[in-house]
Amino acid sequence: MNIHEYQGKEILGSFGVRTQRGIVAQTAEEAVKAAKELTEQTGTGWHVIKAQVHAGGRGKGGGVKLAKNLKEVEQIAGEIIGMNLVTPQTSAEGKKVHQVYVAEDVYYPGDSEPEEYYMSVLLNRATGRNMIMYSTEGGVDIETVAEETPHLIFTEEIDPATGILPFQARRIAFNLGLSGTAFKEMTKFVMSLYTAFDKSDSSLFEINPVLKTSDDKILAVDAKVTLDDNALFRHKDYAEMRDKREENPTEVEAKEVGLNYVDLDGNVGCMVNGAGLAMATMDLIKQAGGEPANFLDVGGTADAKRVEEAFRLILKDDKVEAILVNIFGGIVRCDRVAQGIVDAYKNMGDAINVPIIVRLQGTNADVAKKLIDESGLAVSSAVQFKEAADKVQSVLS
Amino acid sequence: MSVLVNKDSKIIVQGFTGSEGTFHAEQMIEYGSNVVGGVTPGKGGQTHLDRPVFNTVSDAVKETGADVTIIFVPPAFAADAIMEAADAGIKVIITITEGIPVSDMVKASDYIKGKDCRLIGPNCPGVITPGEAKVGIMPGFVFKKGTVGIVSKSGTLTYEAADQVVKEGFGITTAIGIGGDPIIGTTTKDAVELLMNDDETKAIVMIGEIGGQLEADAAKWIKENGNKKPVIGFIAGETAPAGRTMGHAGAIVGGSEDTAQAKKAILKENGVHVVDSPAEIGKKVAEVLG
């Protein structure tokens, strides 16, 4: 589950990770109030106004701006809230900004120059262990660093039996070229960051940049935090951080009825049991000359109710010109699924206005085909995978 | 010959008396798998499906000599169940449970590393050696005995592949569902290696999907070991967008190397017979085996 920067920082802060301080605001007036409050806490009159959306590269799209007084806070917050923010990670239409984070300016002048670093914590799938990935090159696109100067990216793998060890934190601080107070601050930062990752059951922390301030403090200026959905049952407070406005409405609805759905841009909807077969079916749609409109795994119990819910979800997308149902009946018999499709179709009546191709394979596939063929409904059936693809092709042409 | 499970496997079911465990244990017994008992903490001493229930895996091993376990324990407790099985000396630990927290699996996979056991899954359909033992949730009738081994990250796509292979007149030695999670015990390469070393297996079907490096690692291993048997490969998810999880927790394109296209290219480079259409897996097997 993705969360906002301000929520990520709340989690980091609760484990003692120092972050840039800020307050979230829904309106320009709230932003001004937040700025005043921050000035009292921090002493600085400069603030950074940051759009809170689930997408990276916000600065590039004009979603992060410096305000040097309260008037500018009001003006900038007013501009950002409600805008459609387009970043390299959003679609061309962008994402609507509902709230901003009013944060203290941490690039103040002092005894030394501020320095930016990159740090992330994530699972190394190859070894099954977590690792800290870090670089002296902070504040820039890490993919670019990886491509152009890969020797500037370091990793530190964590032994799950011991957790992060102090020497590892020291090695990181040394590799980042730190000394004195900043060195000590960095080791503290790294230790608490990893603890936060572990205890919060996160699947990704990306802190870009980690900042060394001009007075040698180390803090997280940004925080991209992704939580492990599978572990939310033991973090009820994090589960409440979900912002449905950031998600595709059809996907939200699908989740509520227990269907695994991902919205795509194509013209052929599909309903499949099993994730692997669902992806394979999407691929087959493409090979048949269409484009998949969605990923949808109905799971093991494809009864009339679920099939109906699935049809309704798929048909919300008016780009859909045909629907391919692909079920491999194992423990669930195909004739049951076929009956579900027939019942769903009858219940929905005229709501179904595109051709439906049903391919049922496995237990009782022949009985199921007969059931569909004799239902009198505008559904064409297939048994072989290839046959289904051909039928998709013929309805599209 | 076959790999991992056969008619002599002594199988226990962890999460035996739960609804999933009960349903699939019944199906396994009906198939003819040698299920010798099960474990549900607190229900030791009872009898379920005419088999003894034990409080702990070590009790079950002591009493029945079990060497294979299948785990249906709910996600919050599943990693613990895996470690308990490993501690009790179970050799093959097959974990069906989907939705185990990743941090739990980081610990469990580390815990079992030094132990003499093999983990299959989690989030997998299990393992079947047709005619001998079904230790999983797959429809047994689809899998006819034969000479083709199957390794797959996916459930229904495995059934699809097996069905196509059987309809071409061939059969299956052992089908191994390795699971679709980011951390799994037996990798694609491990499973391929088992089948390469199995005398009865003449060809291997390897089904992968987007995300991670497992298929690429397997393909490199296959070439390094002299392409001893033909491998037919399919990678699902050519049309999946980057950065989105497609059902399986591990099925997510993270970079340029774990897309379906990139994986297929690596497979081809290493001598794997890649099919682009999931409808042509069986046909390719027939073509390769002549």
Side-chain angles (χ1 to χ4, degrees), chain A residues 89 123 125-130 143 146 158-161 197-199 201-203 228-234 260 262 264-266 272-287 291-292 295-297 300 326-332 361-363 384-389, chain B residues 23-24 27 75-76 99-107 109-111 137-139 141-142 152-160 163-164 167 180 182-184 207 209-214 217 234 236-241 243-251 254-255 260 276-280:
Chain A
Q89 292 183 18
L123 174 72
R125 285 177 66 166
T127 60
R129 292 177 166 203
N130 295 324
E143 281 79 16
I158 313 299
D159 184 334
F197 181 83
D198 188 39
K199 298 267 189 267
D201 279 309
S202 289
S203 46
D228 179 5
D229 290 304
N230 289 346
L232 287 175
F233 69 87
R234 53 189 177 212
N260 203 334
V262 177
L264 301 169
D265 286 333
V272 189
N273 65 335
L277 191 61
M279 278 186 273
T281 305
M282 286 160 48
D283 296 348
L284 200 75
I285 288 170
K286 177 150 184 146
Q287 285 160 15
E291 285 287 342
F295 166 96
L296 200 168
D297 176 6
N326 187 13
I327 305 283
F328 198 103
I331 308 291
V332 185
Q361 178 62 279
T363 320
Q384 297 308 321
F385 210 165
K386 181 76 177 47
E387 200 183 337
Chain B
F23 178 78
H24 290 291
Q27 299 270 329
I100 304 176
V102 175
S103 60
D104 291 7
M105 276 313 298
V106 168
K107 291 179 185 86
S109 88
D110 187 61
Y111 179 87
I137 57 173
M138 62 287 279
F141 77 93
V142 174
S152 169
K153 275 185 178 172
S154 147
T156 42
L157 197 50
T158 309
Y159 317 158
E160 175 73 45
D163 188 59
Q164 289 181 24
K167 293 218 163 102
I183 297 183
I184 51 175
I207 298 169
E209 59 195 27
I210 52 166
Q213 299 298 327
L214 294 186
D217 292 346
F234 173 73
E238 201 179 81
T239 49
R244 296 298 309 267
T245 303
M246 306 304 280
H248 290 150
D276 283 319
S277 165
E280 280 163 14

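A, B, ... follow the sequence lines: proteins, then strands. Residue 1 opens every chain. Quick caveat, the model's predicted, so the values are computed rather than measured. Below, each value reflects all heavy atoms present in this structure, side chains not excepted, and no hydrogens, waters or symmetry copies.
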Is it the side chain or the backbone of B:Glu238 that comes within 4.5 Å of chain A heavy atoms, both, or neither?
-> both
In terms of heavy-atom proximity below 4.5 Å to chain B, should A:Ser202 be classed as side chain, backbone, both, or neither?
-> neither
Name the region of B:Ile207, side chain, backbone, both or neither, that has any atom closer than 4.5 Å to a heavy atom of chain A.
-> neither
Which distance, rounded to the nearest 0.5 Å, do you find between the CG of A:Leu123 and the OG of A:Ser203?
-> 9.0 Å
Heavy-atom contact with chain A under 4.5 Å, split by part of B:Tyr159 | both
Would a distance-only check, ignoring hydrogens and angles, find a side-chain to backbone donor-acceptor pair under 3.5 Å from B:Arg244 to A:Leu264?
-> no
Considering only heavy atoms, which portion of B:Ser109 lies under 4.5 Å from any heavy atom of chain A: side chain, backbone, both, or neither?
-> side chain
Within the distance-only criterion (no hydrogens, no angle test), does the side chain of A:Asp228 pair as donor or acceptor with the backbone N or O of B:Val102 below 3.5 angstrom?
-> yes
Would a 4.5 Å heavy-atom cut-off, applied to side chains only, mark B:Pro101 and B:Lys107 as touching?
-> no
Engaged part of A:Asp283 at the chain B interface, taking heavy atoms whose separation is under 4.5 Å | both
Sort out for me which of B:Ile210, B:Ile184, B:Ile100, B:Val142 touches chain A most, counting heavy-atom pairs under 4.5 Å.
-> B:Ile100
Just give me the residue among B:Asp217, B:Leu157, B:Thr245, B:Thr239 that pairs up with chain A most often, heavy atom to heavy atom, under 4.5 Å.
-> B:Thr239
Contact origin within B:Ala76 toward chain A - heavy atom pairs under 4.5 Å = both
Do you know the tightest heavy-atom contact between B:Glu209 and B:Ser154?
-> OE1-CB, 4.3 Å
For chain B, which of A:Ala280, A:Gly274, A:Gly362 has the most heavy-atom pairs under 4.5 Å?
-> A:Ala280
Take A:Phe385 and A:Asn326 through the side chain to side chain contact (heavy atoms under 4.5 Å, CB included) test and state the conclusion after the steps.
-> CA-CA 8 Å; A:Phe385 210 165; A:Asn326 187 13; 3.3 Å; yes
Is atom NZ of A:Lys199 surrounded by more than 12 heavy atoms (other residues, nucleotides or ligands) closer than 6.0 Å?
-> no
Side-chain contact, heavy-atom cut-off 4.5 Å: B:Phe23 with B:Ile137?
-> no
Part of B:Phe234 within contact of chain A (heavy atom distance under 4.5 Å) | side chain
Just give me the residue among A:Glu291, A:Met282, A:Lys286, A:Lys386 that pairs up with chain B most often, heavy atom to heavy atom, under 4.5 Å.
-> A:Met282
Do B:Thr156 side-chain atoms and A:Phe328 backbone N/O form a donor-acceptor pair below 3.5 Å?
-> no
Tell me, side chain or backbone of B:Ser152 under 4.5 Å from chain A's heavy atoms, or both, or neither?
-> neither
Highest number of heavy-atom pairs under 4.5 Å with chain B among A:Glu387, A:Arg234, A:Arg129 belongs to A:Arg234
Using non-hydrogen atoms and a 4.5 Å limit, figure out which bit of A:Asp265 sits close to chain B: side chain, backbone, both or neither.
-> neither
Engaged part of A:Ala161 at the chain B interface, taking heavy atoms whose separation is under 4.5 Å | both
Measure A:Gln384 against the heavy atoms of chain B and call it side chain, backbone, both or neither at under 4.5 Å.
-> side chain
Please look at B:Asp276 and chain A and tell me whether the side chain, the backbone, both or neither of the residue comes under 4.5 angstrom of a heavy atom of that chain.
-> both
Residue among B:Met105, B:Glu160, B:His248, B:Lys153 with most heavy-atom pairs under 4.5 Å to chain A | B:Glu160
Heavy-atom pair with the smallest gap, counting every atom of B:Ala279 and B:Gln164 = O-OE1, 3.4 Å
In terms of heavy-atom proximity below 4.5 Å to chain A, should B:Pro182 be classed as side chain, backbone, both, or neither?
-> both
From OG1 (B:Thr158) to CG (B:Asp163), nearest 0.5 Å = 12.0 Å
Judged by modelled atom types alone, do B:Ser103 and A:Asp201 share a side-chain donor-acceptor pair under 3.5 Å?
-> yes
State, with a plain yes or no, whether a side-chain heavy atom of B:Asp110 is found less than 4.5 Å away from one of A:Asp159.
-> yes
Relative to chain A, which of B:Gly211, B:Ala260, B:Gly180 shows the most heavy atom pairs under 4.5 Å?
-> B:Gly211
Give, as side chain, backbone, both or neither, the part of B:Val106 having an atom under 4.5 angstrom from any heavy atom of chain A.
-> both
